[in-house]
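Take a look at the structure below.
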Amino acid sequence: MESDFKIYNTLSREVEPIQTLKKGHLTFYSCGPTVYSYAHIGNFRSFVTADLILRTARKMGWQVTYATNITDVGHLTEDDFSDPSGEDRMAKALRSKEGEQFSNVWDLARFYSGKLIEDWHILNLVEPTIRPRATEHIREQIAAVQSLIDKGHAYETSQGVYFSVTSFPSYGQLSGNTLENELEQTVRDVVVDSEKKDPRDFALWKKDDKHLMQWYSPWGWGFPGWHIECSAMAMAYLGDQIDLHAGGEDLIFPHHECEIAQSESLTGKPFAKYWVHTRFLQVEGEKMSKSLGNFFTVRDLVAPPGEGGKGIDPLAVRMTLLSGHYRKPFNFTIKTLKGNVKHRERLAEIVTAVGYPSDDSRTYDGDLGSALKSIFDRALEAMKDDLNTPTALAALFGGTKMIQAKLATLSQTEITATRSWLADMNDLLGVVHVNNNVLASNVKPDEDLNNAVEALLIERQQARMDKNWGKADEIREALTALGVEVMDTAQGAKWKKIGGL
RNA sequence: GGUGACGUGGCCGAGUGGCUAGGCAAGGGUCUGCAAAACCCUCUACGACGGUUCGAAUCCGUCCGUCACCUCCA
């Protein structure tokens with residue numbers, strides 16, 4: 001049924017109201033990363049988009065079935081069989097310096113997929129309904145390849161099995177790289193397997209009995225092509241047809257284009273109705289890359305300074321990712337991050353003052369309550385309008401200001417309304433409070449620091465009572481050196497850790 | 001060369017025919033032993049040029065610029 005949840009569909013190049021196949025039930029699939037290293041904030045920008053679709057749909061009262069995969073098979077450059085080393089990214093990672101700690105690619109994949117899930121929770125991403133792994137679905141992939149051969153959409157060569165692009169006339173609909181495009185063909189002639197019927201045909205299975213990860217198939221030992229894994233897993237868990245499919249913009253072509261071709265050739269039915277793509281993020285105005293030194297993983301930002309991180313509040317990182325619209329180029333900067341650390345401090349202060357509700361009851365009594373309720377409604381409307389996170393955040397900030405102005409004098413009714421609002425906003429945006437308790441060490445309180453700070457504050461309090469301002473300022477400087485900022489309030493001295501920025 | 005997206009104030013970023021989004025930074029103020037935090041005030045922009053219109057940042061056209069993809073990529 002048609003809803004007022006609108007999303008930009010890459011397939012139609014229009015913002016469309018989402019019409020789910022089953023009333024009130026959204027099924028969607030989001031492409032996950034290859035786990036050959038730590039996921040970076042760019043990866044997470046895409047995952048956050050999927051997370052927001054899920055949160056918005058749930059807040060509208062929809063049921064959601066959400067699958068996102070872990071690619072734990074290394075894939076070669078699709079058609080490049082000329083590489084004598086036969087290396088893929090996972091094999092390369094194993095040979096790198098970081099890879100020395102792993103005995104084989106399987107261990108490496110296990111390690112990094114564990115880290116992916118940790119970071120997932122640190123950034124307060126909702127756990128998917130199912131998180132399938134490519135290596136656990138080889139059987140389904142082989143069956144899909146066999147079926148494509150049987151239906152005349154694929155063929156075998158001495159090197160592998162290929163999907164025949166010309167057997168799927170609407171190939172290119174998603175990316176615009178259509179079959180009629182002659183010029184394109186000359187570009188892609190660079191890498192050619194002489195046995196391929198068409199240079200555009202892509203691999204479904206690669207024959208390779210030397211590969212570090214290999215399985216037995218009707219075509220001998222080898223491993224599956226990259227695109228078939230997502231088709232096979234999406235269909236295994238969500239059915240032949242799904243509502244929505246998401247991923248990074250780089251996946252439009254070839255990955256998603258090929259998924260459509262395979263899936264629809266298998267079932268004869270439209271695969272996904274809505275295709276949602278997240279723009280790449282840049283860091284400090286440049287493409288994120290290790291050589292430029294602007295490459296950030298989640299732990300680079302949130303781990304404590306002693307463990308190689310910057311000690312930043314993970315939800316400030318999440319808020320930063322939300323500050324730009326998913327479909328626009330986004331420039332991730334330390335400056336923006338700093339601003340969001342501040343926003344988070346304000347929110348955290350409110351949460352500390354009123355408490356975070358543990359149940360689902362939401363009441364918005366009183367003037368403040370109705371004001372907050374309408375702010376939440378505005379945020380939800382913004383999210384339903386193609387995930388307009390900047391507008392939703394603007395609403396969040398407006399409410400935060402409103403509460404903060406009267407934080408010291410809130411009535412019980414107002415406290416209840418505030419708690420309801422925080423919980424509702426958090427359900428929608430996930431930047432108020434971390435719901436899961438799989439938190440990493442970076443949020444554990446530092447007992448030694450706490451004791452040292454408390455001792456100094458008592459000393460300073462005495463100095464202030466003696467009007468010994470010189471000594472009081474000295475102690476404040478000592479605290480600053482410890483990375484602590486002091487604030488004198490009517491209720492006594494408060495302190496907070498200064499972020500490592 | 002092909003395909004697609006984007007261009008808003010000092011900065012980040014919504015809006016999409018008339019009605020100042022919001023934030024950050026900056027400046028001023030209240031508060032404070034001094035600060036910090038908080039609060040109040042100030043800061044009116046839409047790449048260029050044409051066109052449509054009573055009226056355009058918004059619609060149309062042309063141009064310029066930036067970014068991404070074109071078989072590793074979120």
Worksheet item: Taking the C1' atom of each, how far is U8(B) from G1(B), in whole Å?
Response: 32 Å

Item to complete: Nearest whole angstrom, please: distance from the P of A14(B) to the CG of Leu322(A).
Response: 12 Å

Discussion item. Counting only side-chain nitrogens and oxygens, does Trp469(A) get under 4.0 Å of the OP1 or OP2 atom of A35(B)?
Written reply: no

Fill in: Given U71(B), G33(B), A74(B), the nucleotide with the shortest approach to the side chain of Leu281(A)
A74(B)

Discussion item. Please give the distance between the C1' atoms of G51(B) and G2(B) as a whole number of Å.
Written reply: 30 Å

Response to the item:
Looking only at C34(B), A14(B), A5(B), the nucleotide nearest the His325(A) side chain is A14(B)

Worksheet item: Below 4.0 angstrom from OP1 or OP2 of A5(B), is there any side-chain N or O of Arg279(A)?
Response: no

Item to complete: Would you indicate, yes or no, if A14(B) has its OP1 or OP2 atom less than 4.0 angstrom from a side-chain nitrogen or oxygen of Lys328(A)?
Response: yes

Worksheet item: How far does the C1' atom of G9(B) sit from the matching atom of G15(B), given to the nearest Å?
Response: 15 Å

Worksheet entry | Closest nucleotide among A21(B), A74(B), U71(B) to the Phe202(A) side chain | U71(B)

Discussion item. For a quick test of reading the model: is some side-chain N or O of Arg460(A) closer than 4.0 Å to OP1 or OP2 of A36(B)?
Written reply: no

Worksheet item: What's the CD-P distance between Glu249(A) and A68(B), to the nearest Å?
Response: 8 Å

Practice prompt. Could you tell me which nucleotide pairs with G33(B) by Watson-Crick or G-U wobble geometry, both distances under 3.5 Å, or answer none if nothing does?
Written response: none

Discussion item. By nearest atom, which of the nucleotides G23(B), C67(B), A37(B) is closest to the Met487(A) side chain?
Written reply: A37(B)

Worksheet entry | Aromatic centroids of Phe202(A) and Tyr162(A) separated by under 6.0 Å | no

Worksheet item: Between C24(B), U71(B), G33(B), which nucleotide gets closest to the side-chain atoms of Ala472(A)?
Response: G33(B)

Worksheet item: Does a nitrogen or oxygen in the side chain of Lys401(A) sit under 4.0 Å from OP1 or OP2 of G22(B)?
Response: no

Worksheet item: Taking CG from Asp488(A) and P from A36(B), how many angstroms apart are they, rounded to a whole number?
Response: 12 Å

Discussion item. Side chain of Gln404(A) only, heavy atoms from C-beta on: which candidate in C24(B), G15(B), C39(B) is closest?
Written reply: C39(B)

Practice prompt. Between C31(B) and A38(B), how far apart are the C1' atoms? Round to whole Å, please.
Written response: 9 Å

Worksheet item: Taking the P atom of each, how far is U32(B) from C24(B), in whole Å?
Response: 24 Å

Worksheet item: OP1, OP2 of G23(B) versus side-chain N and O of Asn340(A): anything below 4.0 Å?
Response: no

Worksheet item: U71(B), G4(B), G13(B): which one has an atom nearest the side-chain heavy atoms of Asn331(A)?
Response: G13(B)

Worksheet entry | Candidates G22(B), C67(B), G13(B) - which lies nearest the side chain of Phe330(A) | G13(B)

Worksheet item: In Watson-Crick or G-U wobble terms, both distances under 3.5 Å, what is the partner of G65(B)?
Response: C6(B)

Worksheet item: With stacking defined as ring centroids separated by under 5.5 Å and planes differing by under 30°, is Phe280(A) stacked against A74(B)?
Response: yes

Discussion item. Need the pair for G17(B). Rule: Watson-Crick or G-U wobble, both distances under 3.5 Å, any strand; none if unpaired.
Written reply: none

Worksheet item: Which whole number of Å gives the distance between the P atom of G10(B) and that of U44(B)?
Response: 10 Å

Practice prompt. Apply the test ring-ring contact (aromatic ring centres under 6.0 Å, His included) to residues Tyr237(A) and His137(A): give CA-CA distance (whole Å), side-chain angles for both, the deciding distance (0.1 Å), then the verdict.
Written response: CA-CA 11 Å; Tyr237(A) 292 102; His137(A) 298 82; 5.4 Å; yes

Discussion item. If I pick the P atom on A26(B) and the same atom on A57(B), what distance separates them, to the nearest angstrom?
Written reply: 31 Å

Worksheet item: Is Lys471(A) salt-bridged to Asp466(A), cutoff N-O under 4.0 Å?
Response: no

Discussion item. Is Tyr8(A) close enough to A5(B) that one of its side-chain N or O atoms is under 4.0 Å from OP1 or OP2 there?
Written reply: yes

Practice prompt. Please state the P separation for the pair C6(B) and C60(B) - nearest whole angstrom.
Written response: 13 Å

Response to the item:
Against the side chain of His343(A), the closest entry in G23(B), A25(B), U71(B) is G23(B)

Practice prompt. Could you please spell out the steps behind the ring-ring contact (aromatic ring centres under 6.0 Å, His included) verdict for Phe296(A) and Phe44(A)?
Written response: CA-CA 11 Å; Phe296(A) 293 120; Phe44(A) 275 100; over 10 Å; no

Worksheet item: Just by distance, with hydrogens left out, do Asn69(A) and Glu229(A) show a side-chain donor and acceptor under 3.5 Å apart?
Response: yes

Worksheet item: Got a salt bridge between Asp119(A) and Lys115(A), using NZ or NE/NH1/NH2 to carboxylate O under 4.0 Å?
Response: no

Item to complete: Determine, for Arg346(A) against Glu349(A), whether the closest basic-nitrogen to carboxylate-oxygen distance falls under 4.0 angstrom.
Response: no

Worksheet item: With respect to the side chain of Pro329(A), which nucleotide from A68(B), G4(B), C6(B) is positioned closest?
Response: C6(B)

Worksheet item: Are Asp201(A) and Lys196(A) ion-paired here, with the side-chain N under 4.0 Å from a carboxylate O?
Response: no

Worksheet item: Are any of Lys471(A)'s side-chain N or O atoms less than 4.0 Å away from OP1 or OP2 of G33(B)?
Response: no

Discussion item. Mind checking if Arg464(A) touches a base, just sugar-phosphate, or nothing, with heavy atoms under 4.0 Å?
Written reply: base

